[in-house]
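Please read these numbers as outputs of a predicted model, since none were measured by experiment. Only heavy atoms go into these numbers, but all of them, side chains included; no hydrogens, no water, no symmetry mates.
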Amino acid sequence: MNEKMLGKFALVKLLALDFDGVLTDGYVFTDNLGNEFVRCGHKDDQGVFNLKSANIPVVVISGQKST
């Protein structure tokens, strides 16, 4: 990450966010066994990666059970 980007994150100490509808597009897919799947975007992944590269903790909160 370049210095300009690091400067933008200088005041950020922590990112805490919900998963469903924030890191997903809101769609839920089910298979024939009833298992649920969601769709996530790579742009969000890149943003989380950038924050973690700047040593900013990222906390993802969800009410859904995950395996």
Side-chain angles (χ1 to χ4, degrees):
M1 185 181 321
N2 65 37
E3 292 297 319
K4 183 177 179 182
M5 282 297 277
L6 283 174
K8 291 183 179 191
F9 293 133
L11 298 176
V12 179
K13 302 299 179 203
L14 168 78
L15 173 66
L17 58 133
D18 184 36
F19 181 75
D20 299 313
V22 176
L23 294 177
T24 70
D25 60 6
Y27 287 91
V28 176
F29 303 92
T30 56
D31 65 11
N32 59 347
L33 300 176
N35 297 307
E36 293 185 355
F37 303 90
V38 296
R39 186 168 59 183
C40 301
H42 285 293
K43 289 180 182 179
D44 293 326
D45 294 341
Q46 186 62 49
V48 170
F49 177 80
N50 288 343
L51 289 169
K52 292 177 77 176
S53 294
N55 294 318
I56 298 170
V58 177
V59 178
V60 179
I61 303 164
S62 178
Q64 301 289 325
K65 183 178 179 181
S66 178
T67 56

Between [X] and [Y], what is the shortest heavy-atom contact and its length?
X	Y	answer
Ala16	Ile61	CB-CD1, 4.5 Å
Thr24	Cys40	CG2-SG, 4.0 Å
Val38	Val28	CG1-CG2, 4.2 Å

With sequence neighbours excluded, tell me which residues meet side chain to side chain contact (heavy atoms under 4.5 Å, CB included) with Asp44.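 For Asp44 the side chain to side chain contact (heavy atoms under 4.5 Å, CB included) partners, ignoring immediate neighbours, are Leu23.
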
I'd like to check the side chain to side chain contact (heavy atoms under 4.5 Å, CB included) partners of Val48; sequence neighbours left out, ordered by chain and number.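 Counting only residues at least two positions away or on another chain, Val48 forms a side chain to side chain contact (heavy atoms under 4.5 Å, CB included) with Lys52, Val58.
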
Applying salt bridge (charged side-chain N to carboxylate O under 4.0 Å, His left out), name anything that partners Asp25, two or more places apart in sequence or on another chain.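 Partners of Asp25 by the salt bridge (charged side-chain N to carboxylate O under 4.0 Å, His left out) criterion, ordered by chain and then number, come out as Arg39.
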
Has Leu33 got more than 12 heavy atoms of other residues, nucleotides or ligands less than 6.0 Å from its CG?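 Enclosed: over 12 neighbouring heavy atoms sit under 6.0 Å from CG of Leu33.
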
Linked hydrophobic residues, Tyr27 as query - side chain contacts closer than 4.5 Å: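 When side chains under 4.5 Å apart are linked, the cluster holding Tyr27 also contains Phe29, Phe37.
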
Drop me the distance from Gln46's CD to Leu51's CG, to the nearest 0.5 angstrom.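 If we round to the nearest 0.5 Å, Gln46:CD and Leu51:CG are 10.5 Å apart.
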
For Asp31, give me all partners under side chain to side chain donor-acceptor pair (under 3.5 Å), at least two apart in sequence or on another chain.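 With sequence neighbours excluded, Asp31 shows a side chain to side chain donor-acceptor pair (under 3.5 Å) to Asn35, given in chain and number order.
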
Partners passing side chain to side chain donor-acceptor pair (under 3.5 Å) against Asn32 (at least two apart in sequence or in another chain):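 Asn32 satisfies side chain to side chain donor-acceptor pair (under 3.5 Å) with no other residue.
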
